[in-house]
Amino acid sequence: MAGAGYKVVLSDLTSMTGTFHREAAQYRGLRQNVAPPVVSGGDGGLDHAVNEVADLIVALHTGFADRLDDHGDKVAYARDSFQRHDIDVHGLFEDLMTGEG
């Protein structure tokens, strides 16, 4: 499909959708590598601080994987709208950029 001097290849958008979702699942699978069991440091305060940091790392890791999935969903939505002719190339770009910035 082409419009306004741009060529949109739906199969590329489909591939991008799959890649985002596949990589999100792959990244989630790395959780054990970024969050190994926390051992005791011998001090309650230190142990608490280390556990809080470990929890934060897990939350950031999970959040990034969720963000990748969200991008895959966003590309799929934009692709489907474009394919149905609900939007043009500019609308496709706007759908992809919604919430960015």
Side-chain angles (χ1 to χ4, degrees):
M1 305 194 130
Y6 300 98
K7 182 175 181 181
V8 175
V9 181
L10 294 174
S11 63
D12 289 342
L13 295 173
T14 299
S15 175
M16 186 186 301
T17 297
T19 299
F20 274 120
H21 289 300
R22 193 172 42 257
E23 293 304 317
Q26 188 80 357
Y27 192 75
R28 273 192 190 86
L30 297 174
R31 183 177 185 271
Q32 284 305 109
N33 294 345
V34 299
V38 178
V39 297
S40 175
D43 175 81
L46 174 63
D47 291 348
H48 178 73
V50 170
N51 280 312
E52 290 295 316
V53 170
D55 289 344
L56 178 61
I57 290 170
V58 168
L60 290 170
H61 183 83
T62 301
F64 183 70
D66 291 346
R67 188 86 166 139
L68 288 172
D69 264 335
D70 290 345
H71 282 315
D73 293 344
K74 191 183 289 188
V75 172
Y77 175 81
R79 178 210 52 217
D80 294 347
S81 294
F82 188 77
Q83 189 171 21
R84 285 189 314 267
H85 304 291
D86 295 344
I87 57 173
D88 60 7
V89 173
H90 296 288
L92 175 71
F93 179 77
E94 288 173 8
D95 280 355
L96 292 174
M97 299 309 293
T98 299
E100 301 298 316

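The residues of the chain are indexed from 1 along the displayed sequence.
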Peer 1: For G72 and T17, work out which heavy atoms get closest and say how close.
Peer 2: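 Taking every non-hydrogen atom into account, O-CG2, 3.5 Å.
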Peer 1: For the CG atom of L68 and the OG1 atom of T19, what is their distance to the nearest 0.5 Å?
Peer 2: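 Output value for this atom pair is 11.0 Å.
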Peer 1: Which atom pair, heavy atoms only, marks the closest approach of L46 to G41?
Peer 2: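 That closest heavy-atom pairing would be CD2-CA, 4.1 Å.
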Peer 1: For A24 and A65, which heavy atoms make the closest approach, and how far apart are they?
Peer 2: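 So the two residues come closest at CB-O, 3.5 Å.
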Peer 1: Among the clusters formed by ILVMFWY side chains lying less than 4.5 Å apart, do F64 and V75 turn up in the same one?
Peer 2: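 F64 and V75: one cluster.
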Peer 1: We want to know whether H48 and D43 form a side-chain donor-acceptor pair, criterion being a heavy-atom distance below 3.5 angstrom.
Peer 2: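 There is no such pair (donor and acceptor under 3.5 Å, judged by atom type) between the side chains of H48 and D43.
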Peer 1: Looking at Y27 and H61, what are the two nearest heavy atoms and their distance?
Peer 2: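 Of all heavy-atom pairs spanning Y27 and H61, the closest is O-NE2, 2.8 Å.
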Peer 1: Give, for atom CZ of R22 and atom CG of D69, the distance between the pair rounded to the nearest 0.5 Å.
Peer 2: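 Nearest 0.5 Å value for the CZ-CG distance: 12.0 Å.
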Peer 1: Which atom pair, heavy atoms only, marks the closest approach of G42 to D47?
Peer 2: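 Nearest heavy atoms, G42 then D47: N-OD1, 3.8 Å.
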Peer 1: Give a yes or no on whether I57 and L30 share a hydrophobic cluster (residues Ile, Leu, Val, Met, Phe, Trp, Tyr; joining criterion: side-chain heavy atoms under 4.5 Å apart).
Peer 2: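 Per the 4.5 Å side-chain linkage, I57 and L30 are not co-clustered.
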Peer 1: Test your reading of the model: is there a side-chain donor-acceptor pair from S15 to the backbone of S11, 3.5 Å cut-off?
Peer 2: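 Judged by distance alone, no pair lies under 3.5 Å.
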Peer 1: Tell me which one of N51, V53, D55 satisfies side chain to side chain contact (heavy atoms under 4.5 Å, CB included) with V38.
Peer 2: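 Among N51, V53, D55, the one that satisfies the side chain to side chain contact (heavy atoms under 4.5 Å, CB included) with V38 is N51.
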